[in-house]
Each structure stands twice: as C-alpha cells, then as structure tokens.
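Reckoned from all heavy atoms, side chains included, excluding hydrogens, waters and symmetry mates.
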Amino acid sequence: MRTPLLILAAGALLAFMPHLGLPAFYDSLLYLMLHWVVLATSWNILSGYSGYFSFGHGAFFGAGIYTSATLLSRYEWPFLWTLPVAALVAALLGVALGAVVFRVKGVRGELFALLTLAITFVIGTIVVNTPLDGGQGVSLAAVPVPAIGPTPSSTFYLLALAAAVATLLIAWGIQVSKFGAGLFAIHDDEDAAEVMGVPTYRYKLLAFAISCALAGVAGGIHALFLSYVTAGDVFTIAVPLTVVLMSVLGGTRHWAGPAIGAVVITGLLYSFTAADHAIAGKAAIGVILIASILFMPEGILERVQRIWRRAPAVQRRAVSATAGSASTRPAAPTASTASMATPASPARAHAAAPIVAAAAATPGRAAASGDLLLRVRDLRKSFKGVRALAGVDVDVRRGEILGLLGPNGSGKSTFINVVSGHYAASGGEIEFEGRRVDGLPAHRIAAAGIARTYQIPRPFAHLSVLQNVAVATLFGGAVGDPAAAEKEARTWLEFTGLQDKADAHPDALNLHQRKFLELARALASRPRLVLLDEVLCGLTPAEIDNAVALIRRIREQGSSIVFVEHVMRAVMALTDRIVVFDHGDLLAEGSAADVMQRPEVMTAYLGRAHA
C-alpha cells in the first residue's frame, strides 16, 4: 500500500501550489502537464497494458469535450455535474466500438490502430454536421468557473490534479491486480492467455471502457479551460500522436511511465515555446522519439529500473568473487547443487511436489481411477474445406495417460486445439466430467479443469518465468491474490526444476527449460486433464528421461494426461492406452504394444511398401 499513499501524499502536497501566489502562467503550465498525464496514462491502460494500440483516443477525449460543452451551453448544467456524464458518454462509445471490434480476431495490431483512427474522424464529422457544433463551434465564455481555487487558473490546475491522482491510482491498481496480469498476458499472446483462463474479451472491453472514461473526464475539464471549442481543433490526430509519444518515452509497461513522459514532453515544448523556438521544440521532440525507440525501446522508466537492479547484482557478484578467492580449495558439490543441475529429476520433483487440490473428486462424482473424464463423440474440424478431424470418438478415463499418435498431419494437434477451445469444433460433442464444453470459450474450458501445452512453446515474452506461471495460477488455479499466486507459482517452478530461473525472461531459457515452463504453466492451473502436445520434441535423450519422470509425477498427483508424442520409447513407457489418428480418422485404439503391431498402423507410419 505504499505506492498509493505516495501518490496521495504527492497530490496533497501539490494541492498547496495555488497558495504560493505564483503567476497564472505557472498554474496553466502545471494544468497542461497534469492534463497530458491523465490522457497518456488513460491511453496506456488499454494500449500499453494489453497491446491494443489505439489512435482513437482523441475521439473519446473529444466526446468528453462536447458532452460538457453541450450540457453547459444548452442546458446550463453546473460544470462539475457534467464531468461524470462526459466520462459515461466516452465510456459508452468505447464499449460500443469494442463490443464489435474485439469479437473479430483479425482486428489486431495495425488494423485496430487504423480503425480507431478512423473513428476519430467519423465522430468529428458527425459533430460538425449536427447541432452539437454546426460548424460554428461552441462558446463557453459565459459559463462561470467554479471557485475551487483562489483564481480561475488555479481551479483548472486543482481539477487536473484531482483527475491525475485518480488516474494514476487506477493505473497502479490495475497493474498490480489480477486484471492487470490478464492484460499483460493478452499483450504478449492473446490466444495463449485465453487458453490459460484469461477472459480476454471481457478484460479488453473493461480496459477500453476505463481508458475512454478517463479521457472523457479530461475532455470535460478541458472544454471549460478552452472556453471555445471547435470540431476541427478537437478531433485531430494530434492527441493520439502526443499520448503515444509520451507513453513510449516514459515506458508503457509501468503505471508511472506515461506520466513521466507527459511531464518531460510538456516541459520541453513549453521551454522552447517560451524561448520563441516552437518549431525547434517540435523538431527536438521528434529527435527524442527516434532516440527513445532506437536506444530505449522500453522507455525511460524501464531503463532506470534496469540500472537500479543491476547495481545490487554487481555488488553481490563482487562479494561472491571475494569470498571465492578467500577459499583455499573448491567445495565439493552438494546434493542440492547436484539436483539443480538436473531440473526434473524424480527425487527433486517428489520432494517439491505440491498437492494438487484439483485431483480431488468433483463433489457428487466418483473419484476412483477409471471413471470417464473426457468423452468425445463425432468430433469434426475443417479449415476452409480441408478436413482435419473427420468425426473421431475418444474417451479419456480418470487417472490414465492416453497416448495420441499418428503421422504428421493426422489431426493430433488439431484435436488438442479443439478440446482446449483454441479452435471451435465444426461438429460433434465434447463432454468433460459429464458436462458439455464444446462451444464454450477457451477460458471457460480452462476454468472447468483442462490445461494444455503447446508443441512450440508460447511463453509470455515480456513476463518473467515466475509471472508466466503466476498467470496460470491466477486464472486457472482459483487464486485471486497476485502475491499468493506468485507464492504458489514458485512451488510449481520447484516441481519442474526452474526455481533458479524465476526472475529470468523466457528468451533466456533453452528449449528444454521452455518446454518445462509450458508444463509448469499447465500444472499451475490445477487441472484434472492435461493435454501435452509433443513436449519431448527437440529434447536430448537425457532431457527426455527427465521429462518422462516428471510426467509420471504429474499422473501420480491425480491428473489425467493426453500425450501427443512421436518419441516411441516414451510412449511405450508412459501410456496406459493409445489411439492412432490418420488423416483425421480414428485408425486404431488399445494398448501400445498391441496397436503398434497392427498392419494398418504400420502402413500409416511407414507406407505400404514397408508394411
């Protein structure tokens, strides 16, 4: 709770500025700084946290301006009463847009940015051609300024200060919450986040609504500050470009980054303007933007934090080196260090293995091994006429390891993708613990107790290894508190032998470790069914042995496993039954030793000439 107290304390301290008797110019300058703090920080809640880059912030800012201006000029509302309405109108516009756009998976990245930019000009055109503006603008010169501060300029400053404090508190609260963890996961890999249990559509819509509402408040205040508003000056690309610059300069992955960028950019612009070098100031801002993209792509704040973290690390290495030189001979390897060299050794896994609460039976259902857990009937999936699954029937019993085999292109990974909700089925039924799950969004399937890994690991690149696993704990493991989620995530990192990599980012891991990170994320959601999609692919024989031991430990804790794999010695060692797919059809089913000797299976794998 220290951060919100510091924000409130800074706000209380800055609230005394108008009583210092400074010229009105300084009130106006500070107002504009805080105004841009609100706009940049609110933009960052959607675009920085979730990665949906919006160029439409000016539209929602303008909606706030015209809402307050209309209520003040036409209906003579008290000014302060117009601000909640400005926030509401802007939020409703954002929700209406997001409700449509966020359902279309193809509208991401550049397409989303261009679409939101177009909305700015669409709304501007509507406003200028209706009585809201009529092409003449709206004058607010006769509207009285509330006597909040000793002068009108100080009143605007105090209003902007209150809005900035509220915006920073909201941005901080989102960043450290479960909501923020979900947004950061969406930023890095939205599809993987959905499969891990993040309700991506709802989270994006909520972030968009909050972002737009805060922009609307800033617009409502700014309407009276301007005293005369015109659509041509409001609905331009200047606002989104400026907030993007401020956020990128300060850092988009931290709640305070956009605020730092806003203060720096506003201060520089007015420094050059005061010196009659306004054009030079704009050129300098352009140079700063280029330099920040090239040399500080994560922003000023991230660079400062990295330097701050590096200093203690250097000191620790220096102390360690000194201690090592003082020793007369090297110490013999201890049992703990030896175990750390083999990340998934069965002994270590057994010692660190957490108890999976999900292994307990669902109330009212039998928990004995052999109960039907997953029932798939007539499952079909086609991609633009290409049949990937042609009506397969598969059963998975509680407590078993089912091998899913077949040559490349037989439909194995498609089966995993459809069952986990990554793809929607073209037809058929999927029942999990007696309840239909086909047609459900992937995050609800994950909440039901199904987790998966990816054949090619898909970690969240900007999150640490610990945070990657904590996301799964938060959304699949029914742990609502981020601190508790990280504590439990450490247990799963120990289980998979990645505890020493907790603070590293995925790009610092080798393939073996990235595969085990996939396993840790799947297990952290406490699943009753784990879908493993070629987790042994690309591993060395020793790493395969470690992985096989770990998979045994997973089953011993109560999870059932569907095991897609081409490494036959692992299949023979692990599976209770296997099913074989070929061109989307179920070819064979039974014990591994029996099925692999059948002529039709040998033909599917080796061809007729070798069968």
Run the side-chain hydrogen bond (donor to acceptor under 3.5 Å, both in side chains) test on Y52 and K204 for me, step by step, so that the C-alpha distance in whole Å, both residues' side-chain angles and the decisive distance to 0.1 Å come before the verdict.
CA-CA 9 Å; Y52 272 77; K204 291 183 296 185; 3.1 Å; yes
Going by heavy atoms in the side chains, are [X] and [Y] under 4.5 Å from each other?
| X | Y | result |
| --- | --- | --- |
| S525 | F475 | no |
| V145 | F79 | no |
| S154 | I148 | no |
| W255 | N44 | no |
| F112 | F53 | no |
| V471 | V198 | yes |
| F60 | L93 | yes |
| E518 | Y454 | yes |

Decide if atom [atom1] of [X] counts as having more than 12 heavy atoms of other residues, nucleotides or ligands within a radius under 6.0 Å.
| X | atom1 | answer |
| --- | --- | --- |
| R444 | CZ | no |
| L8 | CG | yes |
| Y201 | OH | yes |
| F16 | CZ | no |

Give the minimum heavy-atom separation between [X] and [Y], together with the two atoms involved.
| X | Y | result |
| --- | --- | --- |
| S211 | S42 | OG-O, 2.7 Å |
| V479 | L474 | O-CD2, 3.0 Å |
| G58 | P240 | N-CD, 4.0 Å |
| A442 | G421 | CB-O, 3.6 Å |
| A470 | A489 | N-CB, 3.7 Å |
| L214 | V38 | O-CG1, 3.8 Å |

If you round to the nearest 0.5 Å, how far is [atom2] of [Y] from [atom1] of [X]?
| X | Y | atom1 | atom2 | answer |
| --- | --- | --- | --- | --- |
| S426 | D438 | OG | CG | 11.5 Å |
| D188 | R458 | CG | CZ | 11.5 Å |
| D133 | I65 | CG | CD1 | 11.5 Å |
| D503 | Q467 | CG | CD | 8.5 Å |
| L22 | S153 | CG | OG | 10.0 Å |
| L97 | L92 | CG | CG | 12.5 Å |

Centre-to-centre under 6.0 Å for [X] and [Y], is that the case here?
| X | Y | value |
| --- | --- | --- |
| Y31 | F225 | yes |
| Y157 | H35 | no |
| F102 | F208 | yes |

Is the positively charged end of R521 above the ring of F460, judged by distance under 6.0 angstrom from the centroid and angle within 45° of the axis?
yes
Test: R435 cationic atom under 6.0 Å from F432 six-membered ring centre, within 45° of axis:
no
Evaluate the ring planes of F383 and Y423, with Trp represented by its six-membered ring, and classify them as parallel (under 30°), tilted (30 to 60°) or perpendicular (over 60°).
perpendicular
Anything under 30° is parallel, anything over 60° is perpendicular, the rest tilted; go ahead and classify F235 against Y66.
parallel
Could you go through the side chain to side chain contact (heavy atoms under 4.5 Å, CB included) check for T116 and H57 one step at a time?
CA-CA 8 Å; T116 53; H57 213 53; over 6 Å; no
Before accepting this row, confirm whether a basic side-chain N of the pair R253/E298 lies closer than 4.0 Å to the acidic partner's carboxylate O.
no
Test log, rule side chain to side chain contact (heavy atoms under 4.5 Å, CB included), inputs I45 and I174
CA-CA 8 Å; I45 289 172; I174 291 174; 3.8 Å; yes
For ring-ring contact (aromatic ring centres under 6.0 Å, His included), just list the numbers for H462 and H505, CA-CA rounded to whole Å, side-chain angles, deciding distance to a tenth of an Å, and then say yes or no.
CA-CA 7 Å; H462 292 90; H505 280 73; 7.8 Å; no
Could you walk me through whether L32 and Y270 pass the side chain to side chain contact (heavy atoms under 4.5 Å, CB included) check?
CA-CA 10 Å; L32 288 171; Y270 274 83; 2.7 Å; yes
Side chain to side chain contact (heavy atoms under 4.5 Å, CB included) between L140 and V138, intermediate numbers included:
CA-CA 7 Å; L140 302 176; V138 180; 4.1 Å; yes
Got a donor-acceptor contact below 3.5 angstrom from the [X] side chain to the [Y] backbone?
| X | Y | value |
| --- | --- | --- |
| T82 | P78 | no |
| T130 | V127 | yes |
| S50 | S47 | no |
| S177 | G180 | yes |
| N468 | L463 | yes |
| K381 | A424 | yes |
| T155 | T151 | yes |

Distance alone, cut at 3.5 Å: any donor-acceptor contact between the side chains of D233 and T230?
yes
Would you please say whether a donor-acceptor pair under 3.5 Å links the side chains of T200 and E194?
yes
